[in-house]
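The structure appears right after this line, and notes come after that.
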Amino acid sequence: MTRPGFLERKLGRRAFLAGAGAAGVAGLASPLIAACGQAAQTISRASSRPSRTPIKHLVVDLQENRSFDHYYGFAPFVASYGVPAHYTQPDGMGGSVAPYHLTTLSSTDISHTWAAIHGGYDAGRMDGFFTSDGLNAMGYYTVSDLPFYYSLFESSTLCVNYFCSVLGPTYPNRFYAVAGTSGGITTNGVFGYGIFDYPIILDLLEEAGVSWKVYNIGLDPVADGESDNVFVFWKKWAHDPRTVATKQDYLNDLAKGRLPQVSFIIPSFSRGWDEHPPADVSVGMGIQQELIDALRNSSSWSSSAYILAYDEAGGFFDHVPPPQVDAFGLGIRVPAWVISPFARPGHLEPTLYEHTSILKLIETVFSLPTLASVNHRYDAGTPAGSNYEAAGSRAAGPPAAPRDGVGAIGNLMECFGF
């Protein structure tokens, strides 16, 4: 997420945006959105057939703002999926700049707005990271910095073609992660309790009677635009007590054998627990180790899968151009682990994935319909305005139907060995 600096943090991110959130909410009155006000009420009940997999519990965690090459580009186990030999970026003055090993576990928060990320992307040439964000965009970590994460490879699957959903910051990507679409939103300027009303994954789970809970590893203020718990941005779930469970609730539920069928984990940005720069990456990694080890040591582990990914790349470099699966394309490649007793150990999975792949996995495991089948609000187009930059000067933006209906995007099942 593009976050405020110290002064803006003191003022509150919502105040610093000087009404951007309100402007975004006002944009929701667009006829493109108003046309389907009752969409969430039309979901067909999912099949009651039991899952054909041994997975009974899915745990999903999206950390923040790290690219694949930034974390694993120089890992010895990634082979040809890592940074190519002699890789450099143009410096804008006729020279070049090579990636370098960061010497501290806390790095500068660089720009990752729609414009900055498109600058790094450079129409698929992937050569604008230095000229867009400077030397900090070229930093990377190794096993000495991320020992627990690198240790996962022995027993887990690393997805090497997992991209974030859109060439934009946190909120649009997290909207894709829960709804399969951002509805055309490309900024962090639209936030707050109950501002959306179209279907998300919680609607599908609820309709099918699949238990779920959102565990917050520290609760951040929603009204200030500090919280990554975007579930509460939807009217139906804005004040549901299941969206405000805590880390202690997660540990207690594991200990008592009552982990829901689907769990979402939201580490705190404000406390630096989500790995968002300038957070110390070892802190967020340590929390992940605690959460994953707690699952591994529980009675639920034998039927569980823990998905660990990153909402967007934060402006850090990556050399693999994202595919253009629809009018919006995909975003920069990010790390993603599938951690499970059923995961293919020591495996690099090359299938094309993005955040909607997690939705597709949930739908597959629990025999749910797709969000694409119940939400047609954005099939023809999306709104225009300051928070909808893909529209440009046009009166409406490009279509953005939920991507769980796109066959080219995998559902993560290739990562399992059952």
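Only this structure's heavy atoms are used, side chains among them; waters, hydrogens and symmetry mates stay out.
- Contact detail for Asn216 and Val244: the closest heavy-atom pair is ND2-CA, 3.3 Å.
- Taking the side chain as every heavy atom from C-beta outward, Pro221 and Ser270 approach each other to under 4.5 Å.
- Considering only heavy atoms from C-beta on, Phe175 stays 4.5 Å or farther from Ile200 through its side chain.
- Looking at every heavy atom in both residues, Asp122 comes nearest to Gly128 through CB-N, 4.4 Å.
- Aromatic ring centres of Tyr215 and Tyr250: separated by under 6.0 Å.
- Proximity of the aromatic rings of Tyr150 and Tyr72 is defined here by a centroid distance below 6.0 angstrom, and this criterion is met.
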Please step through salt bridge (charged side-chain N to carboxylate O under 4.0 Å, His left out) for the pair Lys235 and Asp197, ending with a clear verdict.
CA-CA 6 Å; Lys235 183 177 180 180; Asp197 68 352; over 6 Å; no
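- Leu352 places a side-chain heavy atom less than 4.5 Å from the side chain of Phe163.
- Using cut-offs of 30° and 60° on the angle between ring planes, the pair Phe418 and Phe416 is parallel.
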Step by step, would you call Asn387 with Thr187 a side chain to side chain donor-acceptor pair (under 3.5 Å)?
CA-CA 5 Å; Asn387 293 304; Thr187 75; 2.6 Å; yes
Would you check, one step at a time, whether the test side-chain contact (heavy atoms from CB on, under 4.5 Å) holds for Asn65 with Glu312?
CA-CA 5 Å; Asn65 293 49; Glu312 42 110 348; 3.2 Å; yes
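- Taking the centre of each ring, Tyr141 and His70 come in below the 6.0 Å mark.
- A heavy-atom distance below 4.5 Å is found between the side chains of Pro147 and Met285.
- The two residues Pro277 and Phe316 have their closest heavy-atom pair at CG-CE1, 3.8 Å.
- At least one side-chain heavy atom of Met126 sits under 4.5 Å from a side-chain heavy atom of Ile332.
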Start with the C-alpha gap between Asp249 and Lys213, add the side-chain angles, then the distance that decides, and say whether salt bridge (charged side-chain N to carboxylate O under 4.0 Å, His left out) holds.
CA-CA 10 Å; Asp249 292 328; Lys213 195 175 287 187; over 6 Å; no
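- Considering only heavy atoms from C-beta on, Ile185 stays 4.5 Å or farther from Tyr171 through its side chain.
- Closest approach of Ser107 and Leu102 over heavy atoms only: CB-CD1, 4.2 Å.
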Would you be so kind as to tabulate the donor-acceptor pairs closer than 3.5 Å made by side chains of residues 389-401, with sequence neighbours excluded?
| residue | atom | partner | partner atom | Å |
| --- | --- | --- | --- | --- |
| Glu389 | OE1 | Thr186 | OG1 | 2.6 |
| Arg394 | NE | Ala391 | O | 3.0 |
| Arg394 | NH2 | Ala390 | O | 2.8 |

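- Geometrically, Arg333 engages Phe68 in a cation-pi contact defined by less than 6.0 Å to the ring centre and at most 45° from the axis.
- Across every non-hydrogen atom of Asp69 and Asp318, the tightest pair is N-OD1, 3.0 Å.
- The ring of Tyr176 has its center no closer than 6.0 angstrom to the ring center of His355.
- Applying the salt bridge (Lys or Arg N to Asp or Glu O under 4.0 Å) criterion to Arg344, with sequence neighbours excluded, gives Glu349.
- With no hydrogens or angles considered, a side-chain donor-acceptor pair links Gln288 and Tyr306 at under 3.5 Å.
- Glu154 CD: 12 or fewer foreign heavy atoms inside a 6.0 Å radius.
- Considering only heavy atoms from C-beta on, Pro267 comes within 4.5 Å of Gln63 through its side chain.
- Side chains of Lys360 and Met413 form no contact here, defined as non-hydrogen atoms less than 4.5 Å apart.
- The aromatic rings of Tyr162 and Tyr353 lie tilted to each other, with the angle between the two planes from 30° to 60°.
- Of the candidates Asp220, Asp280, Asp228, Asp220 is the only one forming a salt bridge (Lys or Arg N to Asp or Glu O under 4.0 Å) with Arg271.
- Atom-to-atom distance recorded for Ile217:CD1 and Thr246:OG1 is 7.5 Å, nearest 0.5 angstrom.
- A perpendicular orientation is assigned to the rings of Trp234 and Tyr198, their planes being inclined by more than 60° (bins at 30° and 60°).
- Note: Phe196 and Phe233 have tilted aromatic rings, judged against thresholds of 30 and 60 degrees for the angle between ring planes.
- Scanning both residues, Ser340 and Trp301, for their nearest heavy atoms gives CA-CH2, 3.4 Å.
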